[in-house]
Chemist: 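Submitted below is the structure of interest, expressed as C-alpha cells.
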Amino acid sequence: MHTELINSAKISNPMDYNTAFYIRLSKEDDSEKESESVTNQRRLLQEFAQKHRLSVAGEYIDDGYSGTSFDRPDFKRMIADIEAGKINMVLTKDMSRLGRDYIQTGHYLERFFPANGVRYISLLDGVDTGVDSTANDITPFRAIMNDMYAKDISKKIASVKRDKQRRGEFIGWKPPYGYRQSPHSKNVIVPDDEAASVVRRMFELALTGVSCRQIAAHLNEAGVPTPAVYAKLTPARMGPYSGQWAAERVNATLKNEVYIGNMVQGRQRKINYKIKECRKMPPEEWVIVEGTHEGLVSRDVFDRVQRLIESRQRTRSRTYDYLLKGIIHCHECGYPLGVINRKSGGRELLYFVCRTYQRFTKESACTCHCVRVEIITAAVLEQINALCREYLDRDRCAQVVAKQQTQNNAAELREKELVQLQTQLTAKLDSVYNDKLAGVLDDADFQRIYGSIKEQRQRLQVKIKQLQRNVPPPAPPEQQAQELVERFLASTDTNRELLVSLIERIELTEQKELHIHWRFPQMNQR
C-alpha cells in the first residue's frame, strides 16, 4: 500500500521544482523507532526524488523534537528558505512528520504553502497539494488524528510521571540544590557534599536570627556560587544581579521540605501538551512523599526556622531589624506594629507605631501606640526573665514541655528515621519485582538492579544498626525545659530564635500595656 501511495504522485515537470526533504523524529516515536528512524525517512524520500528526477535543494532534520510544537530549528530554517524563494516543494514521509498540531499543520497546508507557491507531498498518506484528489480532501481529518495521537501520548506520559511522583521517585531533570542523582538510580537523590554544606550553613545562620536578605548578602560576600551557577546553567537573559544570591532564593531554600528527607514535586505543571509554559501549582496540590532520601537538617531545626521566617512575614518593614520584629501587634486592631525613625538629642531612635493608624489617620481607625522600641523590648525581656526564673525556682519545667516532648525529643526522630529507611528498602524491592512480573525487566536487568539494591540494603542495615547503638535515653521533661530556659536567660537580648520558640504573639495596648501570648499553655495560665 505504501508503494502505491508513493507512486501515485505525478510530476510532469520535475525541473520546475527545488525540493526540500523534511525529516523529524521525537521521543514519542520510540515504540516505532526502527520504522520512523531518520535513516528510514531519508531513504524513502531519496527513492521518490530519484524516481521522479527531482532536484534536492536541502535536507532539514529535527531529531528529538515533538510534533506538537513548530518551534524546531530545522523547520524554521526550511521556512526561511521557502520565504527566500529557494524551495517550492516539500516532501515528508507522512503528515505526522510535518507536525501533530492540527491547527498549525492546517495553517501551513492551507495558507502558508499555497501563498508561497509550495507543493507539499506526504508519501505514505498520498497527500499532494499539486493535484486535485480525494486524498487531499481528507487531509484536515488526518491532521486531527495526528493531533489526537499526540494528546493521547501526552496523557500516558503524564500518568506515568505522576505515578513515579507518588512513589517518591525523583523525576526532575536536575536535583534540588544540595543533592545529586544517585549513581545507582536516576530516580534517587543523595547529598552533594559541597552544596549540602552551603544549605546547612544557611539553616545555621537562620537559627541565629539572621534574615534571608542578610544570609544572601553573606553568601555573596563569601563568593558562594548560586544554584544556577553551581549547576553551570546559562540564564535566559543576563541582568545586573545575575549570579547573585537573592533573599527570595534563600527563603525558598529554607522552606523546602526536601532538606528534611521529603520528596517535593509537582510544584509546576504544563498548561497542556501543546504549550511548553508551566503554571505554578498551589501547595495543596504538590506531591510530597516523606522519608525518601537522606535529609540535610533535622525536622526540629526545620520547624524552628519556619517559625522565624513566619514571624518576619508579619511586618511590612524591611529597613530596620529589631528583636520583636513581626511578633508584636496592636491590641486594638490586631495589625502588626511597624517602626518609625525619629531623631532626638542628636541620635536616631526607633518608635513602634500602629500601621492601621498610619494608613487611616483621618478616619480614626485606631490610635498611634507610639512608644520607643527599646523601652518595650526591655519590658518584654524583663517579663520573660522573671517568668523563666519563676519556672526554674518552682521546678515546674516538666509541666511546661510535657505535651511537647513526644514530637521534639531526639529518640523519636531517630526512630522515625529507622522506619523511613526500612520503608524505602521495601518500596524499592517491590517496585523492581513488579517490573519483572510485568515484563518491563528481563532476567539480566532484574539480576543487575536487584544486586545494586541488595548492596544498598546492606549499607542501610549497617546504618540502622549504628543508629540503634547510638540512640541515647530520652532526656526527662524537666531537663529539656531547664536547658531551654537557661539558654534563653543567657542570651535574651540577642537570641531571636529562642524568643520566637517561647512567644507566639505580643500585643501592645493603647495605654502602653503588654499582653504576651506564650507558646506553652501553662505559661498563659500564670
Side-chain angles (χ1 to χ4, degrees), residues 208-209 211 304 306-342 344 347-361 364-394 396-397 399-401 403-404 481-482 484-526:
T208 63
S211 69
R304 286 153 62 193
Q306 303 318 299
R307 288 197 294 266
L308 285 166
I309 292 175
E310 184 183 0
S311 71
R312 290 193 186 90
Q313 290 175 341
R314 294 173 183 166
T315 175
R316 294 174 56 196
S317 174
R318 296 191 177 190
T319 306
Y320 308 106
D321 283 322
Y322 45 95
L323 193 63
L324 305 182
K325 188 174 185 177
I327 61 174
I328 187 165
H329 298 67
C330 171
H331 178 71
E332 279 69 33
C333 70
Y335 203 82
L337 294 179
V339 294
I340 54 176
N341 190 333
R342 294 287 183 268
S344 176
R347 66 190 186 105
E348 294 183 345
L349 299 176
L350 295 181
Y351 288 81
F352 282 121
V353 63
C354 175
R355 290 291 187 189
T356 303
Y357 172 80
Q358 276 190 317
R359 295 172 63 190
F360 306 105
T361 304
S364 301
C366 200
T367 55
C368 184
H369 291 64
C370 188
V371 61
R372 279 171 56 183
V373 169
E374 60 185 83
I375 293 176
I376 296 299
T377 302
V380 170
L381 293 178
E382 183 180 352
Q383 286 197 39
I384 295 172
N385 289 336
L387 181 59
C388 290
R389 289 194 180 92
E390 177 183 343
Y391 269 83
L392 285 174
D393 294 340
R394 296 185 180 183
R396 294 179 57 189
C397 299
Q399 299 176 25
V400 178
V401 296
K403 292 184 179 180
Q404 282 72 33
Q482 183 170 342
L484 178 66
V485 174
E486 287 179 347
R487 283 170 58 205
F488 185 84
L489 288 174
S491 58
T492 49
D493 58 338
T494 59
N495 198 324
R496 179 177 170 82
E497 186 269 320
L498 284 173
L499 179 76
V500 175
S501 296
L502 287 174
I503 297 177
E504 181 178 4
R505 180 186 179 95
I506 300 173
E507 294 180 0
L508 179 66
T509 70
E510 183 180 354
Q511 290 75 32
K512 311 299 187 294
E513 296 176 349
L514 288 172
H515 296 277
I516 299 179
H517 300 267
W518 307 90
R519 291 193 181 275
F520 301 99
Q522 293 87 342
M523 288 184 170
N524 288 320
Q525 296 171 4
R526 173 177 174 267

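Side chains are part of it too, since the values below use all heavy atoms of this structure and drop only hydrogens, waters and symmetry mates.
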Chemist: Could you pull out the closest heavy-atom pair between Cys366 and Glu332, with the gap in Å?
Modeler: SG-CB, 4.0 Å

Chemist: Mind running side chain to side chain contact (heavy atoms under 4.5 Å, CB included) on Val380 and Ile328 for me, showing each step along the way?
Modeler: CA-CA 10 Å; Val380 170; Ile328 187 165; 5.7 Å; no

Chemist: Any chance you could measure Ile503, atom CD1, to His517, atom NE2, to the nearest 0.5 Å?
Modeler: 10.5 Å

Chemist: Would you sort out whether Leu514 and Leu508 count as a side chain to side chain contact (heavy atoms under 4.5 Å, CB included), showing the intermediate values?
Modeler: CA-CA 5 Å; Leu514 288 172; Leu508 179 66; 3.9 Å; yes

Chemist: Tell me, yes or no, whether the heavy-atom count around Glu382 atom CD, taken from other residues, nucleotides or ligands under 6.0 Å, exceeds 12.
Modeler: no

Chemist: Are the side chains of Tyr322 and Thr377 in contact, using a 4.5 Å heavy-atom criterion?
Modeler: no

Chemist: What pair of heavy atoms forms the shortest contact from Arg342 to Tyr351, and how long is it?
Modeler: CB-CE1, 3.7 Å

Chemist: Mind checking the CG-CD1 spacing from Leu350 to Ile375? Nearest 0.5 Å is all I need.
Modeler: 12.0 Å

Chemist: Between Cys354 and His369, what is the shortest heavy-atom contact and its length?
Modeler: CB-ND1, 4.1 Å

Chemist: Can you measure from CG (Leu381) to CG (Leu323) and round to the nearest 0.5 angstrom?
Modeler: 6.0 Å

Chemist: Compare every heavy atom of Thr367 with every heavy atom of Tyr357, then report the nearest pair and how far apart it is.
Modeler: CB-O, 3.4 Å

Chemist: For Glu510, check salt bridge (Lys or Arg N to Asp or Glu O under 4.0 Å) against everything at least two apart and list the hits.
Modeler: none

Chemist: Atom CD of Glu504 and atom CD1 of Ile516: how far apart are they, to the nearest 0.5 Å?
Modeler: 13.0 Å

Chemist: Once you round to the nearest 0.5 Å, how far does NZ of Lys512 lie from SG of Cys370?
Modeler: 7.5 Å

Chemist: What is the minimum heavy-atom distance between Val339 and Arg355, and which atoms define it?
Modeler: N-NH2, 4.1 Å

Chemist: In Å and rounded to the nearest 0.5 Å, what is the CD1 to CG distance from Ile340 to Leu349?
Modeler: 11.0 Å

